Visitor: 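Structure provided below as C-alpha cells; questions to follow.
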Amino acid sequence: MSSQCRSILPSKLYRAEQIKQNEADCAHRNGIDLYQLMEKAGHAVFDCVLARFPTAQHILIIAGGGNNGGDAYIVARLAIQSGMNVTLLAKNKGEALEGDAKVAMHSFVSAQGTVLDLDKHLDSIRQLDVDVIVDGLIGIGLEQTLRASTAEVIEAINHNSAPVIAIDVPSGLNANTGQPLPIAVIADYTVTFIALKPGLFSLDGPDHCGQLIYSELGLRKEFESSVSTDLSLIHRDTIVPIPKRKQNVHKGSFGTVLVIGGALGMGGAAFMAGKAALRSGVGKVYVMCEAGNEGMITQLCPELMVTGLEMLEVDRYLAEVLPKVDSVVVGPGLGLTKWSLAVISELLKQETWYQTPSVIDADGINCLAYKLDKQDGATQDAFARPDKPWVFTPHPLESARILGETVQSVQADRLGAAQRIVNKTNSAVILKGNGSIVASKGHSAINMSGNPAMATAGMGDVLSGVIGASFCAWQLNQTSLQKKLEIATYLHGLAGDFTAKESKIGMIATDVIESLPAAIWNCQEYNNKVQGN
Ligand SMILES: NC(=O)C1=CN([C@@H]2O[C@H](COP(=O)(O)OP(=O)(O)OC[C@H]3O[C@@H](n4cnc5c(N)ncnc54)[C@H](O)[C@@H]3O)[C@@H](O)[C@H]2O)[C@@H](O)CC1
Ligand SMILES: [K+]
C-alpha cells in the first residue's frame, strides 16, 4: 500500500452508513448545509485536478444519479469556469436528479455547461482523448451488486487510458469491505471526504483507489468527536512507541520465546519464526521441532536453542519449558500429521499454556480446526476459555477453516470475518492479506504497511516470530494485547517495505528478517523526533 498518502491520515475509520447518518448533523453544527458541503467536495476534487494535471485542457466527467454525481457537477462547473473543455456524461442527462445534486447540475448548466446522455456515449468513454477523467458515478451510496448498465460504464472508464480521479470512492467498490461489486473503477487518485472508509484500505480497495487524498471538508473534528467507531487504521502515527533500551541490561531483560513447529521437511518455517523473534530483539529463543530436524535448524541459526522430539517426549519437554517462556509461537512448519496432532494434544493439557501469550499460526490453526471438526472436547474447551492472551493469525483459507465457511464469504467481509473468529476462539486475531486486520473483542484495525512482494512463502512464519517478540522484547508491559499486535504487524510490513524498496518482485522471507532491526530503529527514531518520546 506504499502508494497511499500516509502522513496526514487520521487513525479512525468509519463505515459508509455512519457517514451518511451523521454528515448532515455535523455540517449543521458547523454552520453549513449539505449543498455547501457538496460545493466543498467539488472544490476539493477540482484542486486535485489542478494540482496533479496542471496542463489539462479536456476533462471527461461522469455524473451518477445521486450526490456523488452532485459533486461531479460542481467539478464540471469549476472546470468550465477555469476555461477547460468539459465533456459531462450523466445518467438520463441528469433529468431524474433531486435535491442538492439537482442544484449542482443547474449551477453547471448556468455556467454554459452541456449535459450529455451517458448511455448513448459509452463509446466516447472508451475512446475519447482526454487529459483526465473524473468518476462521479457512485460513492458511498452503492447498494448491492451493480446494475448491468452501470457495470458497462465502469468497464468503459477502465478501458480509457486517461488518468482517473475518483470522487469519494472508486465507483463500484464497496466502501466498507473493499470488494468490487463485481467491478470497480481503477483510479489513479481518489479524493475521499469527511472520514476514511475501511474498504479503501483492505482487499482490492488500494488497487482501485490509487493515491488516496483525504479531504475532511472542515468536519473531521466535529465528526470524530461526535461519532464513535470500532475501526481504526494502523500507521506510523498510531503505533505505540518502543522505548529505547537502557545500557545496563542482559539477555534476561528481553524475554524468552518458544517456537513449536518444524515437522520433518518443514524445519525452515520454525527457523524463520525463531530467527525473526531474535532479530526483533528477544533475549532467548527455544525451538521445539520433530526429531531429526534439530541439526539443520541449528546449522541455519546457531543462536536458537533447538530440541528435536519424538511424540512421547513432547509432554515432558512442554512441562519443563513452558513455565520458563514469555510467549509461545505454535505452528510454523508444524504439519498436519500424527506427530503434530500429538503435539497439540499435549499442549492443550498444559495449564500454563492458557496463561502464556501465544501466537497460533499456519498448521497450529489447521490442527486445532481439524480437532474442532472432530468435536475434540479439549479443543472446544480451549476455544471457549475467555480472556486468553492468544492470537490466531490465519490467512483467508485458514480463516474459512476455523469458521467452517468459504474463502469467498471471508473475503466478502474481512472485518466481519475477523470478529467472527475473535468470538469463536475467544482470542485476538490477525486476518492476513492486503490490509491485514488486527482484531480483538469489539475493535478491528487495518494495517497500512507492507507491499505485494510479501506475497511469498515464509512471510507468515516471520510475522509469527515478530508477534512472539512483541510480548517480551520491547518492554510494552502496560500495552494492551491489541496494541502489541498492531505494532508487530506494522513493523513486519515496514521491514517488508524497507526490503522491497524498488522491485516488488523476488523478495524472500529471510530478507525481511534482516530488515527487522532497521524497521524497529526507524520507528524509535520517528517517535523521538516527531512525538518527543
Ligand atoms: N450532500 C451530501 O449528502 C454530500 C454527499 N457527498 C457525496 O455524496 C455521495 C453519497 O451520495 P448518495 O447517498 O446520494 O449516494 P451515491 O451518489 O453515492 O449513490 C447513489 C447513486 O448510485 C446509484 N446506485 C446505487 N447502487 C447502485 C447499484 N447497485 N447499481 C447501479 N447504480 C447504483 C443510485 O441509483 C444513485 O444514482 C458521497 O459518496 C459523496 O460523494 C458529498 O458531496 C458531501 C456532501
Ligand atoms: K465515485
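Since this is a predicted model, take the numbers as computed values, not measurements. Read the numbers this way: they start at 1 and go in the same order the structure lists the ligands and their atoms.
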Visitor: Taking side-chain contact (heavy atoms from CB on, under 4.5 Å) as the criterion, tell me which of Ile430, Val359, Leu368 meets it with Phe392.
Guide: Leu368
Visitor: Using a cut-off of 6.0 Å, state whether more than 12 heavy atoms not belonging to Glu525 lie near its atom CD.
Guide: yes
Visitor: Is Gly139 close enough to the K ion (ligand 2) to have an N, O or S atom under 3.4 Å?
Guide: no
Visitor: Looking at Phe223 versus Tyr14, is the centre-to-centre ring distance below 6.0 Å?
Guide: yes
Visitor: Check whether Asp135 reaches the backbone of Leu137 with its side chain - one donor and one acceptor, N or O, closer than 3.5 Å.
Guide: yes
Visitor: If you have a sec, read the angle at the K ion (ligand 2) from Ser171 atom OG over to Ile167 atom O, to 10 degrees.
Guide: 170°
Visitor: Got an N, O or S from Asp135 under 3.4 Å of the K ion (ligand 2)?
Guide: yes
Visitor: Report the C-alpha distance between Thr192 and Asp168 in whole Å, list the side-chain angles of each, state the deciding distance to 0.1 Å, and finish with yes or no for side-chain hydrogen bond (donor to acceptor under 3.5 Å, both in side chains).
Guide: CA-CA 4 Å; Thr192 203; Asp168 204 18; 3.0 Å; yes
Visitor: Given a heavy-atom cut-off of 4.0 Å, could you list the residues near ligand 1 in chain and number order?
Guide: Glu23, Leu34, Leu37, Met38, Ala41, Gly65, Gly66, Asn67, Asn68, Asp71, Asp100, Ile138, Gly139, Ile140, Gly141, Leu142, Glu143, Gln144, Thr145, Leu146, Arg147, Thr150, Asp168, Phe193
Visitor: Could you tell me whether the K ion (ligand 2) has an N, O or S atom of Pro170 under 3.4 Å away?
Guide: no
Visitor: Suppose we only count N/O/S atoms under 3.4 Å; would Gly64 qualify as near the K ion (ligand 2)?
Guide: no
Visitor: Around atom NZ of Lys20, are there more than 12 heavy atoms from other residues, nucleotides or ligands closer than 6.0 Å?
Guide: yes
Visitor: For Glu17 and Gln21, what are the C-alpha separation, side-chain angles and deciding distance, and is it a side-chain hydrogen bond (donor to acceptor under 3.5 Å, both in side chains)?
Guide: CA-CA 6 Å; Glu17 47 277 16; Gln21 280 160 14; over 6 Å; no
Visitor: Return a table of donor-acceptor pairs under 3.5 angstrom between the side chains of residues 108-125 and protein atoms on other chains or two or more places apart.
Guide:
| unit_1 | atom_1 | unit_2 | atom_2 | d |
| --- | --- | --- | --- | --- |
| Ser110 | OG | His106 | O | 2.7 |
| Asp117 | OD1 | Asp119 | N | 3.3 |
| His121 | ND1 | Asp117 | O | 2.9 |

